[in-house]
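Taking it in order: structure first as structure tokens, then the write-up.
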Amino acid sequence: ETGVTQTPRHLVMGMTNKKSLKCEQHLGHNAMYWYKQSAKKPLELMFVYSLEERVENNSVPSRFSPECPNSSHLFLHLHTLQPEDSALYLCASSQDRAGLDSGANVLTFGAGSRLTVL
Amino acid sequence: QKEVEQDPGPLSVPEGAIVSLNCTYSNSAFQYFMWYRQYSRKGPELLMYTYSSGNKEDGRFTAQVDKSSKYISLFIRDSQPSDSATYLCAMSPYGQNFVFGPGTRLSVLP
């Protein structure tokens, strides 16, 4: 497999359930990201991991808990979600967290996990 | 004011038309600009990126940046039904933590 793979592609859960989204990248990248995409809204950056260390946490509620066991795998653990959390959750990776003089940081996205919270 | 604004569409054009997709922004520090294309039930994929002002061409696609007006455009020449997708602009001051627009949905009708 190549690129960024996300599972499951679709998930329906109740507000009291616990579930996890999984992301795997086969690109040898060092940085991985979780984004939330809601209808007609910009992509919202949730978490960033660089070399397995969380470097960004953009005021995301604690009911979302990321985990990065190694540079190829990223999880998003979900617990007691709300209906407004229903969205497409996109995982992405990039070669690194390119800084000021390193040029653009190109993201490769997975196909996303469509989450519906009832 | 939103940091990046983009008309959500949908924009419908006949096959062969020239398409112009635009984003405006408020942060004058942005100097890295990207366009992503997202097909239905897929993740976004990078189409083009530019640094600072000017034009960049790649086949039927031209990206244009006007920093003085805080305005970027993506032109698609000879549009094809396969160009039907949502187009997202993204921008950043330093080449990381890109801020995305909400996307414009484009339909190219055969």
Side-chain angles (χ1 to χ4, degrees), chain A residues 2-10 21 23-25 27 29-50 55-59 74 87-114, chain B residues 1-11 21 23-27 29-54 56 58 63 65 72 85-106:
Chain A
T2 59
V4 179
T5 305
Q6 289 188 243
T7 54
R9 291 295 309 277
H10 299 274
L21 306 181
C23 176
E24 186 173 357
Q25 59 98 358
L27 300 166
H29 287 169
N30 292 320
M32 296 187 77
Y33 309 74
W34 279 115
Y35 281 87
K36 177 183 179 183
Q37 187 175 35
S38 303
K40 298 191 178 179
K41 288 187 176 179
L43 265 68
E44 298 174 45
L45 180 61
M46 300 175 72
F47 302 104
V48 182
Y49 278 82
S50 178
V55 295
E56 293 274 347
N57 178 347
N58 286 354
S59 304
L74 185 65
L88 181 68
Y89 288 85
L90 290 162
C91 173
S93 68
S94 66
Q95 189 151 11
D96 55 36
R97 288 279 291 152
L100 187 61
D101 298 318
S102 303
N105 184 321
V106 177
L107 298 170
T108 301
F109 285 90
S113 293
R114 172 73 60 186
Chain B
Q1 184 184 9
K2 293 177 185 172
E3 205 163 11
V4 178
E5 304 217 40
Q6 192 176 4
D7 186 337
L11 175 63
L21 303 167
C23 287
T24 57
Y25 61 93
S26 56
N27 187 346
F30 288 149
Q31 50 182 352
Y32 292 91
F33 303 93
M34 291 187 172
W35 285 96
Y36 282 84
R37 177 176 60 196
Q38 186 175 18
Y39 289 115
S40 179
R41 289 186 288 278
K42 300 276 190 182
E45 57 178 343
L46 180 68
L47 201 54
M48 297 186 74
Y49 79 87
T50 54
Y51 171 73
S52 195
S53 284
K56 184 174 183 179
D58 183 2
V65 174
I72 69 169
T86 297
Y87 290 80
L88 309 170
C89 62
M91 45 198 81
S92 162
Y94 304 119
Q96 58 175 257
N97 288 12
F98 278 81
V99 179
F100 283 80
T104 298
R105 190 153 59 94
L106 171 68

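Numbers restart at 1 for each chain; the letters A, B, ... are given by sequence-line order, proteins then strands.
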CD/A:Glu24: more than 12 non-hydrogen atoms of other groups inside 6.0 Å: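 Above 12, so yes.
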
Interface moiety of A:Leu45 toward chain B, non-hydrogen atoms closer than 4.5 Å: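 Only the side chain of A:Leu45 comes within 4.5 Å of chain B.
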
Contact class of A:Leu88 relative to chain B, heavy atoms under 4.5 angstrom: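 Side chain of A:Leu88 only, per the 4.5 Å heavy-atom cut-off to chain B.
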
Partners meeting side chain to side chain donor-acceptor pair (under 3.5 Å) with A:Tyr49 (sequence neighbours left out):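 Only A:Arg54 meet the side chain to side chain donor-acceptor pair (under 3.5 Å) criterion with A:Tyr49.
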
Partner residues of A:Arg114 under the salt bridge (charged side-chain N to carboxylate O under 4.0 Å, His left out) criterion, sequence neighbours left out: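 A:Arg114 satisfies salt bridge (charged side-chain N to carboxylate O under 4.0 Å, His left out) with no residue once adjacent residues are dropped.
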
Step-by-step side-chain contact (heavy atoms from CB on, under 4.5 Å) determination, B:Thr86 to A:Gln37: CA-CA 13 Å; B:Thr86 297; A:Gln37 187 175 35; 5.9 Å; no

Among the listed options B:Gly101, B:Ala90, B:Ser92, the residue most often paired with chain A at heavy-atom distances under 4.5 Å: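 Of the candidates given, the most pairs with chain A belong to B:Gly101.
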
Chain A contact via B:Gln6 - which portion, at a heavy-atom distance below 4.5 Å: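 Neither part.
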
Part of B:Phe33 lying under 4.5 Å from any heavy atom of chain A: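 Contact with chain A involves no heavy atom of B:Phe33 at all.
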
Closest heavy-atom pair and its distance - B:Phe100, A:Pro42: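 Minimum heavy-atom contact is O-CB, 3.1 Å.
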
Over all atoms of both residues, closest heavy-atom pair of B:Pro44 and A:Leu90: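 Result for this residue pair: CD-CD1, 3.8 Å.
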
